[in-house]
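Here, residue 1 is the first one in the sequence, and each next residue gets the next number.
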Amino acid sequence: MSRSSSSRLPRPTPGSRPAAALSLLAVAGLLLSACSSQNNGSAGSTGSKTLVVDTSFDLKTADPGREYEPTGQIVDKALYQTLLTFKGGDVTKPVADLATYQQSADGKTLTLTLQPGAKFSDGKAVTADDVVFSLNRVIGLKGNPSFLLDGVTVAKTSATTVTLTSAKANPALPFILPNPALGILEAATVQANGGTTTTADKAETYLNSHSAGSGPYTLTSMNTNTQVVLAKNPQYTGPDKPTYDKVVIRNVQAPTQKLNVQRGDSQIALDLSSDQVQGISGGLNVLSGASSDVIFLLLNKDTKVSSATANAKFDEAVRKGIDYQGLLQIAGSGSVQPAGIIPSTFLGALPASQAPGRDLAGAKAALTASGLKNPSVTLSYASDLTVDGLSLQTLAERVQAQLKDVGITVNLAPAPTTTELDNYRNGKEQMGLWYWGPDYPDPSDYLAFLPGNLVGLRAGWKAGADPALTALGDQAASTTGDAARTAIYGQIQTSLNASGPFIPLVQPSRNTVTAGSLTGVVYNPVWTLDVAAVGSK
């Protein structure tokens with residue numbers, strides 16, 4: 001669960017429909033471009049081309065200042081441009097969209113210079129005033145995405161420049177700005193329809209039936225339960241013009257998604273599990289790659305919760321007793337073992353060569369050194385939760401069997417998500433099985449796992465428990481430069497792997513099935529799919 005979801009439920013996963021929270025998917029640079037006899041989008045009576053995308057909806061609003069759900073991100077990526085963006089699925093380097101950027105050496109100031117020529121869908125130019133209004137509106141609404149700009153002050157510094165100033169060093173800000181929730185609105189239009197930069201704002205109703213952006217598409221209609229219809233924006237001035245005149249995004253369960261794409265009723269299915277994509281053929285393309293969701297074990301450091309999991313040698317026995325490759329086998333094709341808590345495709349991730357392996361003899365020796373005789377612990381998890389199609393129940397059963405080989409008895413304690421979330425958040429689990437879906441694709445999001453921080457406290461790891469690691473975390477938060485940041489986050493994860501209360505297990509795979517004639521279908525960990533980038537042969 002990400003920080004933004006700390007008061008909400010997990011997002012939908014392939015083949016299931018748990019309630020909402022954003023999780024970011026990280027498959028960098030994967031592209032589908034194969035020829036086949038499948039149709040490349042239906043043509044209407046006027047010859048216009050329509051792209052149909054099936055997905056399981058997690059959609060509440062199209063208002064950028066309020067949306068922070070996976071389907072909303074797909075929609076708003078099409079409707080609104082952001083100041084910065086990512087190229088394809090690569091989230092290791094922000095690039096210019098509406099603006100170029102320059103960050104100060106201390107990481108506190110980000111200067112954005114608007115690129116000339118951008119227009120809103122009504123033909124008006126995008127201005128610095130529109131940028132200031134849009135970002136201040138996100139902050140002032142105090143909605144789901146407001147935390148993205150915590151501690152940030154937005155100011156117009158010239159007709160073409162806007163400066164974002166952070167109270168503390170904020171090297172993650174360029175990685176945050178590509179989020180579609182920070183899309184730039186036409187201030188005058190939004191204000192004329194009740195928009196303000198406070199909680200008194202009433203523009204959501206208007207923005208759920210009209211768009212006020214400069215993106216490649218405009219909003220034709222939206223029903224949060226059935227479908228969203230988009231139309232090509234003739235005023236769009238971005239580098240890549242959309243191929244399709246119309247895009248229909250439909251709310252469809254995974255089994256039906258598979259049927260629809262196989263018979264050509266849709267061109268893209270977004271939510272099929274690894275099992276569901278097995279055997280798919282007939283000219284269809286299947287894209288599989290590791291998501292950015294990291295499933296991990298939590299071992300509580302609070303002796304009042306468990307004297308066993310608070311024992312460092314017991315934790316070592318668990319860490320060495322896990323058969324990580326065995327877990328990958330059940331996770332399916334495209335899944336990977338993360339070497340640390342930061343996903344493999346993010347800046348700051350440890351190289352795969354540093355991923356731990358099973359050491360059964362070492363695990364048994366560590367258990368003996370712990371002084372614990374026939375230890376028994378309770379493993380808690382959400383019984384109704386799947387992560388990218390992978391059931392936590394299945395993982396829990398495999399972990400139980402693997403640790404039995406070490407001499408550790410694991411008692412499974414599944415509970416409904418709504419029940420178990422409270423135990424997890426309140427630090428009551430002896431051993432927990434959960435996942436972290438990043439709030440934004442930057443390693444700073446994982447400082448939450450350090451002592452005294454959000455997830456650290458859920459593992460009973462209080463402030464002051466590891467002063468050296470805390471000092472590293474404080475240093476990382478203010479470090480700028482890709483190389484320096486990669487190095488320090490590597491140190492943090494190496495320390496976590498050695499003695500922290502978290503054991504990263506697996507990054508499950510995500511799968512997309514498309515008509516073989518499509519090009520440009522790339523998964524991005526922020527907005528899932530850029531419909532404007534989809535082309536056809």
So the salt bridge (Lys or Arg N to Asp or Glu O under 4.0 Å) pairs with at least one residue in residues 174-195 (sequence neighbours excluded) are Lys124-Glu186
Within residues 174-184 or reaching into it, pairs that qualify as salt bridge (Lys or Arg N to Asp or Glu O under 4.0 Å) - sequence neighbours excluded =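 Checked against salt bridge (Lys or Arg N to Asp or Glu O under 4.0 Å) - neighbours excluded - no pair reaches residues 174-184.
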salt_bridge(Asp63, Arg137) N-O dist < 4.0 Å
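Salt bridge present between Asp63 and Arg137.
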message = I'd like to know if Asp245 pairs up with Lys49 as an ion pair, taking the criterion as any Lys NZ or Arg NE/NH1/NH2 lying under 4.0 Å from an Asp or Glu carboxylate oxygen.
response =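 Between Lys49 and Asp245 there is no salt bridge, as every charged N stays at least 4.0 Å from the carboxylate O atoms.
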[Y] backbone acceptor or donor facing [X] side chain under 3.5 Å:
X      : Y      : value
Asp97  : Leu83  : no
Lys60  : Glu69  : no
Gln235 : Ser214 : no
Ser211 : Leu219 : yes
Asp445 : Pro441 : no
Ser104 : Thr109 : yes
Tyr68  : Asp439 : yes
Gln267 : Thr514 : no
Gln115 : Ala96  : no
Ser335 : Pro508 : no

Just wondering, are more than 12 heavy atoms of other shown residues or ligands nearer than 6.0 Å to [atom1] in [X]?
X      : atom1 : value
Lys119 : NZ    : no
Lys246 : NZ    : no
Lys241 : NZ    : yes
Asp240 : CG    : no
Gln102 : CD    : no

Do the non-hydrogen side-chain atoms of [X] and [Y] ever get within less than 4.5 Å of each other?
X      : Y      : answer
Leu270 : Tyr523 : yes
Phe133 : Gln191 : yes
Leu177 : Leu182 : yes
Trp527 : Thr85  : yes
Leu185 : Leu207 : yes
Thr226 : Asn251 : no

Mind listing the closest non-hydrogen atom pair of [X] and [Y] along with its distance?
X      : Y      : value
Pro343 : Val294 : CG-CG2, 4.0 Å
Tyr236 : Pro242 : CD2-CD, 4.1 Å
Leu447 : Ala477 : CD1-CB, 4.1 Å
Ala62  : Tyr80  : O-CE1, 4.1 Å
Val132 : Ala155 : CG2-C, 4.1 Å
Ser121 : Thr218 : CB-CG2, 3.7 Å

Please tabulate, for the side chains in residues 147-154, all donor-acceptor contacts under 3.5 angstrom to protein atoms that are two or more places apart in sequence or on a different chain.
none

Between [Y] and [X], is there a side-chain donor-acceptor contact under 3.5 Å, judged purely by atom types and distance?
X      : Y      : answer
Thr480 : Gln103 : no
Lys77  : Thr528 : no
Thr55  : Asp271 : yes
Asn511 : Ser288 : yes
Thr127 : Asp130 : yes
Ser274 : Ser509 : yes
Asn208 : Thr61  : yes

Do Phe449 and Phe296 have their ring centres less than 6.0 Å from each other? yes
Let me see the working for Leu390 and Asp388 under side chain to side chain contact (heavy atoms under 4.5 Å, CB included), right down to the final yes or no.
CA-CA 6 Å; Leu390 181 59; Asp388 303 315; 5.8 Å; no
Might you work through the side chain to side chain contact (heavy atoms under 4.5 Å, CB included) test for Tyr489 and Thr479, ending with a clear yes or no? CA-CA 10 Å; Tyr489 280 104; Thr479 297; over 6 Å; no
Which of Asn285, Val277, Ile268 passes side chain to side chain contact (heavy atoms under 4.5 Å, CB included) with Val513? Answer is Val277
In Thr92, Val526, Asp442, the residue satisfying side chain to side chain contact (heavy atoms under 4.5 Å, CB included) with Phe175 is Asp442
Problem set entry | Worked check of side chain to side chain contact (heavy atoms under 4.5 Å, CB included) between Leu529 and Val534 | CA-CA 9 Å; Leu529 174 69; Val534 178; 4.2 Å; yes
